[in-house]
Structure formats: structure tokens, C-alpha cells
Amino acid sequence: MLRDITLGQYYPADSPVHKLDPRVKLFGALVYIVSLFVFRGIFGFLLATIFLLFLIKICQVPFRFMVKGLKPIVILMVFTAVFNLFLTPGKQVLFHYGILTITMEGVKNAAFMLVRLTYLIVGTSVMTLTTTPNQLTDGLEKALKPLSKVGVPVHAVSMMMSIALRFIPILIEETDIIMKAQMARGADFEEGSLIVRAKNMIPLLVPLFISAFRRADDLAMAMEARCYEGGEGRSKMRPLSYRRMDYGAYLLLFSYLGGIIALRVFL
Amino acid sequence: MSIILNNVSYTYGEGTAYEMQALKNVTLKIDDGEFIGIIGHTGSGKSTLIQHLNGLMKAVSGEIYFNGRDISEEDFDRKELRTRVGLVFQYPEHQLFETTIFNDVCFGPINQGFDKNEAGLRAFEALRMAGVPEKLYYQPPFDLSGGQKRRVAIAGVLAMKPEVLILDEPTAGLDPKGRDEILDLIAGMHRAKGMTIILVSHSMEDVAKYVQRIIVMDDGQVFLDGAPREVFKYYEQLEKIGLKAPEVTYLMHDLKNRGMAVDWDATTVEEAKQSILKLFQ
Amino acid sequence: MGIIKASKLVFEYIRRDEEGNVDSIQTAVDHVDLDVNEGDFIVILGHNGSGKSTLAKQLNALLIPSEGTLWVEGKDTKERENVRDVRRTAGMVFQNPDNQIIASVVEEDVGFGPENLGVPTEEIWKRVEESLTSVGMLKFRRHSPNKLSGGQKQRVAIAGVMAMEPKCIVLDEPTAMLDPNGRREVLSAVHELNRKKGITVILITHYMEEAVDADYIYVMDEGKVVMEGLPKEIFSQVEELKRHRLDVPQATLLAYELKKAGLPLPDGILTRQELAEELERCYVNYTK
């Protein structure tokens, strides 16, 4: 059920991707997302595929594990595909019935959209699976550091993110339990109209919020007890500094993006 | 009336990397009016087992019969089953959500389809049974002490008038007095109403003192099943699966080994006391 | 003066209405005196709501006394500039294992405290390794806390405190949410820290079995210390403990019952071995 979500979960291993500076991986994910919307044509697609396969190969996370992350968004993907399939206008009509029209362009668009979404999820999950949430937020914090000069609370935001990531699985499990406990008292979360169903969520949401607040309270106290006083004066367990392999990775990323753009412009 | 489990198995995350068989061919018969204790270390399948008894989880294979009817049948009303086999989860006070205690306890009966009056009557009765002081009925449930909150949560299940009451570690986190009060309350319901009670517990001492029959779970299977005296005879086997016998059982064995003719399978302080005193008469 | 000393400590929870007027005052800690020597294993017993957790939070300067004074290694917890030193000296472990682990990987969580203290990176890693080893959790260093058992999570939390190199650990009902095996794990880890590293331990609990090996016990009720003494002295007063919503270990209870029925047993039997030996002595005398 809810536990199957792998997005945002860390998979421990000792691969070169795991060892990269999180900033490289953040940037890499960004580059990859951009590339997915830039590429055009079969060669662009091929390059994006090769790059992704290469990443999957070297990151040492079982492929099965990554694909599992796709499950929760299958509906979204199907929806997008259907949308593109029927609503893309085009000259070459393949199928026509009443208001439903499928064009060749529609098929193409739907296929590309599906590929893009799949690659997007798998590509970004390479980042989240190989980077602990703390490294990720450390990376973000350092990458966005300049913003703190203009008053953006970069440290606080990144701390919040890392705590959120830690507590999401716990709250998901808790939702599961409260749901079952209310079902044991005859609650029904599946039947009725939309309004009735929304109303039926109250016995689930109230306890969940109370629990989340209690946890937040406890956690704040535990952090205080361990001398946390905000970002000032903290040292780092993993101070971020680029190594040779990080520069190599940047080089690879830029050549990849360059390749994608070149393919689009020149082919 | 009875609950019968025939070769029931359940697997979590079937076909994924985390596949885990939580129940393996469990066969059990639970009769009307029994007071049963289920023990086993964390992850032995206790929680999965009790969620099968009221139909919250569906067996992967095997059958479960409630009063002779297979609960997996198409036309079996599983929602009704959940009200006839009441399940009180661990830390049940975490599920309270209404503005007053009284309204919260009404939640179950209203879900059953009773009108406000009948639901209210049932709530009153349940709150009284659970020993919640009347002056608290219209207070918000969140300000109560831990022990009181737990009584309210138990009342929330009692209000559905279940025939079978299952409680998953109802004393977790309570202090000694609070623990005794809750256990006495449960034992009282068994005595007075003849309710079938299934108590999941980590405390061998509590189980030995209160229940008539113990089901020991290990690795998703029924490891032992019998009266406390019978089950705790096998304390060496119990230790192998991460459990223990009550302290007094060890003491009685020790005394016997020292050449004292005591009743060595005593499991409660009272039994041990009587047996030791007999020596000195 | 011991490592922790409290003199006439009072803590009041003050509730205010919307206008800020005092609505009610609840005295959670009421004139408590404590004196804890370095290296001691102290247990504070009390039922839920007896004020023991409020007391614990003051030991860590999470709460500041309303009246009276509390010194941690000679430093008054009321002074703002002492807070950091107080928290470094007396680390704190809480009840709910999930709600005190901050990071998503065990070793990163253990490093959180030293990071806050500004310890240099290399030194952090040394401390993380040492403290995980001291609670037997080193092989789980790269694991996610979510995949650990309750007992293991609590040991990680203890390691997180140990990495700050405290002299004293305050544990506020660390076993209340654990199963018997988890409880044993945590307790033996704490005893080992006390024995091998000389860490002062203040364990707050309502499980009587956990108090049997203590050097000294305080019993709290309604915010006051109502009993104090050696385990033997405390557990020989069965009726008194019951009045404070507590009980005694089974062996002690049985000894007490047998004594009441006329057997010549000594007071304050704590373990079943002791009871068996005493009963054998009685029996030999009797059969003579």
C-alpha cells in the first residue's frame, strides 16, 4: 500500500555515484530534467537513454528497486498519455469515433510524454537513491548559500527538508494504523460521494495532525537537548568540497547537455 | 459460536524485494467465552493474526470461519464483522478525534447505523463499563491522563457491543497501577459478560495471572497453545524464541532443584505462595 | 558537591487565559532535593504524572526551575550562559525512539550533537565510531533508523548523546515503548556505560525491575520525593510503594507475601536467587 513509495529513499551502496558531491548530483538532476524537455528526434532520445542506462549501471541500485518508484505515479502517467493521445491535433488521422480522434502526432506525443515522465522519475530517483537526505539538504544549503546574504533562511529551510524526509515514512505508517483503527470502529473510507468521503477523513486527519504536532514538539526538544541552536557555529560531518571526480562529473554533464542541444539544433 | 482459522497464511509485499511471510498455515479454534493471551516477540505475527480475526486483513490462503461462515465469501458483511469482533489497537488513545469524550465513543455505534439516541445509550453504557468517571463525559478527550484516555478508547470499541474483544497490548506505557486497573477491567468484563477476550501481551506475568489459554506465536506459526501451566512448562523452548516464563516459574524450578517438594509449574505469585506455604505446615 | 545537586527545586506549569491572566497553576515538582555523585547509577521511580519527567527536563535545562536551584557540575541551570555546558555535561535520552532521531542514517544522527558543538570533522567521525561501538550499534552505522527495532533505535539515541561526551546521561523512560527484549538491550547498554566509562546515569522509569541494580533510588509522587534509599530499603516497603501507584518485582512480592504468612524471611529480597537461598535456609531449619 502506502509503504511502496521509494521516491526519496536512500539505497546504501559504495558506487561512484554515491561518492559524488551532492551539489553535482543536484545539478545533474536539473540538467537531466532540462535535457528531457530539450531533446527531439530519435538521436536525442537515444542519447538520453544511453546516459540514463549508464547512470543506472554505475549507481549499483537494483533496477527493480527504481522501477518500484514508478508505481505510485502510474495513474498520472496514464492520464498524461491519454490526454496527449486524444487531444493532439494533427493531419494524419488514425482513428475517429464521435468526438474521439487519434492522430499520428497524438501517438507520437503520447509516446514521448510517457518516455519523458518515466525517464524523469527514474533519473531523479538515481539522485535520491544515491544521496542521503542529509547530504542532499547539505548540498542544497551550500549551493544556495549566496541567497542567505539577501535574507533567505537557507539553513532553516534545508533542516526542515531533511526532517520532513525523515518523518514521511513514519507518518505514512501512522496513517495506515489510524486508518485501520478507525475501520475497526466501523469507519468507511471508500464508500459514498466525494463530499461524504471528505467528511469521513476527519477521524483520520485529526489524530494524524495531533500526532504530527506531538512529534514536532518532541523533536524540537530533543534537538535543543543536543545543543542545536540554528546554523551558526555548527561544524560539518561531511564538509562539502569538490574532488577530482566531481569536476569529471560536471564535465560529463556539460558534454551531455551540449550533445542534446547540438542534436536538436543541427539535426 | 466460534472463530476458526484453517491453514491461514499471509505475506507482506508479495513479489517485491521486501516479501515477508507473516503467517504460515495457522490453524486455530477460538470458542465463545474464552479468555486467551497471545504472546510472541515483536515480528512473530501476533498483530497480523489479530487483524485477520476481524477481517481488517485478508488471508492470502486458507479460510477463516466466523460462527460457521467463511468470511471471505462474496456476500459476507465484513463491515459488520468488525463490529462483532472489536479490536483495540496499541496506544488506542491516538485515534481519539472528537470534541468530547461522549461524541468520540458514539462514533462506532453511529457507523453501525444506529440513530443518535441509541448510539448515545450505547456510549453511556460503554463509558460506564470502562470505568470513565461521569463528570468527564463532555470534556475534550485530549486533556485526560494516559490511563483515562485509554479507557475512553476502549469504550469506543465496547460501544459497538462486540461479542469478541481483542486488545493489542492494552497496558503499553502505563504505570503499574494503571496496568493493573486496565487488566482488572478486562478480566471483569470477561467474568460479568462472558465476553470472549483475546489479549496480546509482552508480559508473561500478566498473561499468567489473567488468561485461561495462551497461544504462543513464533515466526508466523503457532508455537504452543494451552493453559498457562502447560505452556510455561516449556520455558526452555520459550527462551529459544526470545520469550521467558514468569519469574515465579523459575523460582519454583530452582526450589525443586534444591530438593523442596513444591508445585513446580506454578505461574502466579498466589499459586507459588500457596505451594510454598504447604511445605511448612 | 556532587555532579548534580538540587536544592528546594520547584517547577510550576502556569496556564494563562486569552488575556494573559493566570488561569491555573500546577506544581509539577515540589521542593525536591537531590545530590548525585559522579559515577552513580540513580533511578527515579514514579507513576505517570508524578512529576519525574518534569524533573528530568530541568536536569537538561530544557525547563528552568520556578523556585530553588539546580546545579549541574556546579553550574546553575538558571543562568542563560550555562545552558550549553549543562547540556553537554548531562545529555538526555527521551521516551519515544522515533521522535529524537533527526537524521535518516544512523551515523549522521549520532554526529548531529558534535556538529552543533562545532567539533572538527575528523573528531566527529572518531566520536561517532566510538559511541556507536559503546552501545553495540556500529554495524548498523549506515542503516536507516526506520528499519531498526525499538531497542536499537534507543541505543542509537544513547550513542547520539554519548558523542557529545557527557559526564552524565539522563534517560526519561527510555524503555516505556519497548518490548521486553528491547528493554533488556537498552538497560544493559546503559549499565555498561556506567560500569566501563564511569558515566553517571539518572534513569527515570516505572519498571521496578530496572531499579533493582541501582546505587540509589528516589521515589516521586505529586512532585515530591516521597521515598529515597538503597534498592533493598525501598523494595522492603511494599505497601508504601503500592500507595504511590507502583509495585515490586515478583520475587520481592512473593517474599513479602510469605513473610506476612509467617515465614522467617529477611526484608528487601530483590532477586529470585536470593529468595530461593533464603527459602532453602528456612526449609532446612524447619525440617530439623
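Side chains included, hydrogens not; waters and symmetry mates left out as well; all remaining heavy atoms used. So that the names make sense, note that chain A is the first sequence line, chain B the second, and so on, each numbered from 1.
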So, do [X] and [Y] sit near enough that their side-chain heavy atoms are less than 4.5 Å apart?
X      : Y      : value
B:M260 : C:L279 : yes
B:P246 : C:Q250 : yes
C:L263 : B:L277 : yes

How many angstroms lie between [atom1] in [X] and [atom2] in [Y], if you round to the nearest 0.5 Å?
X      : Y      : atom1 : atom2 : result
C:T287 : B:L279 : OG1   : CG    : 10.0 Å
C:M208 : B:D175 : CE    : CG    : 8.5 Å
B:R179 : C:H47  : CZ    : NE2   : 14.5 Å
C:L253 : B:E205 : CG    : CD    : 11.0 Å
B:I276 : C:L275 : CD1   : CG    : 6.5 Å

Non-hydrogen atoms of chain B under 4.5 Å away: do they reach the side chain of [X], the backbone, both or neither?
X      : result
C:Y283 : both
C:D179 : both
C:R243 : neither
C:L254 : both
C:E173 : neither

Just do the side-chain contact (heavy atoms from CB on, under 4.5 Å) check on B:E181 and C:R245 with the steps written out, would you? CA-CA 10 Å; B:E181 284 169 358; C:R245 290 181 67 97; 3.8 Å; yes

Other residues, nucleotides, ligands: >12 heavy atoms within 6.0 Å of [X] [atom1]:
X      : atom1 : answer
B:Y137 : OH    : yes
C:E278 : CD    : yes
B:K278 : NZ    : no

Heavy-atom pairs under 4.5 Å with chain B - which of C:K242, C:M177, C:Q273 has more of them than the others?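 Most pairs with chain B among the choices: C:M177.
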
Between C:G49, C:P180, C:A251, C:P249, who has the most heavy-atom pairs with chain B when the cutoff is under 4.5 Å? C:P180

In terms of heavy-atom pairs under 4.5 Å, which option from [options] contacts chain C the most?
options                : value
B:G242, B:G259, B:G146 : B:G242
B:H202, B:R258, B:E247 : B:R258
B:L243, B:T42, B:D254  : B:T42

Side chain, backbone, both or neither: which part of [X] has a heavy atom under 4.5 Å from chain C?
X      : value
B:L255 : side chain
B:Q90  : neither
B:S145 : neither

Counting only N and O atoms by type, is there a donor-acceptor contact under 3.5 Å from the side chain of C:N48 to the main-chain atoms of B:G173? yes

With a 3.5 Å distance limit and no angle check, can you tell me whether C:H206 reaches the backbone of B:P176 through a side-chain donor-acceptor pair? no

